[in-house]
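Since the structure comes first, as structure tokens, the remarks are kept for the end.
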Amino acid sequence: MSKYLQFDENGLPVDSFSQPKAPADSIFKTHEVKQENRHDARGTGTAKALKLAEQFHANTHQETSEPDWQAMLYQAKTERAKWEIRAARDTWQDEQRSNAMMQMQAEQEAHIQEVIQRPGRNKQFYDDLRINDPRAFYSVPCQRQMKTDKANMGLAFHLKNRNAK
């Protein structure tokens, strides 16, 4: 029987009464346990668990242009690196929101330009536009065009026939 703590191949303490082992010279000369087989009661990742988590994450990660923030955070070694990754993630998300907003504005401006270019713009056209597409109707370019059309058409602006000039 050994008075020193012994470990099995999985890194678990071995009860010296049930499985006697050869006595070690000192407590510091116990055999090394491989990182991938080591038991960890605290819940932190061992090498085997890290590999499995990476495989699972690779299988479940959505195929998007977004960087894999979870994997980057998981692989970060220091708290500073984690903070830098989080800051980069926040910056990237802000940039994506900004790009989406600019794209929506460009689409809206293109729609307004298309509305302004339609033929037969009279009062009835603008009334229908106000009911069906108020965002385009109340936009500044559309209001300017309505004012210009009203000035150019005179009383014909109020006629029901759109093609009247």
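Quick caveat: nothing in here was measured; it's all calculated off a predicted structure.
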* Asked: Just wondering, more than 12 heavy atoms not from R118 lying within 6.0 Å of its CZ?
  ->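 Atom CZ in R118 is crowded, with more than 12 foreign heavy atoms closer than 6.0 Å.
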Other residues, nucleotides, ligands: >12 heavy atoms within 6.0 Å of R135 CZ
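Atom CZ in R135 is not packed in, count stays at 12 or less.
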Residue set satisfying side-chain contact (heavy atoms from CB on, under 4.5 Å) with E79, at least two apart, ordered chain then number -> K82, W83
What is the distance from atom [atom1] of [X] to atom [atom2] of [Y], rounded to the nearest 0.5 Å?
X: L159; Y: K123; atom1: CG; atom2: NZ; value: 12.0 Å
X: I116; Y: M146; atom1: CD1; atom2: CE; value: 11.0 Å
X: Y126; Y: K147; atom1: OH; atom2: NZ; value: 13.0 Å
X: I85; Y: Q70; atom1: CD1; atom2: CD; value: 10.5 Å
X: I112; Y: E107; atom1: CD1; atom2: CD; value: 12.0 Å
X: F137; Y: I131; atom1: CZ; atom2: CD1; value: 10.0 Å

Correct closest heavy-atom pair for A136 and C142 would be O-CB, 3.1 Å
Q: Would you indicate whether the side-chain heavy atoms of H111 and D133 approach each other to under 4.5 Å?
A: yes
State, with a plain yes or no, whether a side-chain heavy atom of V115 is found less than 4.5 Å away from one of F125.
-> yes
Discussion item. Among Q113, K150, R121, exactly one meets side-chain contact (heavy atoms from CB on, under 4.5 Å) together with Q145. Which residue is that?
Written reply: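 The side-chain contact (heavy atoms from CB on, under 4.5 Å) with Q145 is passed solely by R121 among Q113, K150, R121.
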Please table the atom pairs, donor to acceptor, closer than 3.5 Å between any side-chain atom in residues 88-102 and protein atoms at least two apart or in another chain.
{"unit_1": "T91", "atom_1": "OG1", "unit_2": "A87", "atom_2": "O", "d": "2.9"}
{"unit_1": "D94", "atom_1": "OD1", "unit_2": "R97", "atom_2": "NH1", "d": "2.6"}
{"unit_1": "N99", "atom_1": "ND2", "unit_2": "E95", "atom_2": "O", "d": "3.4"}

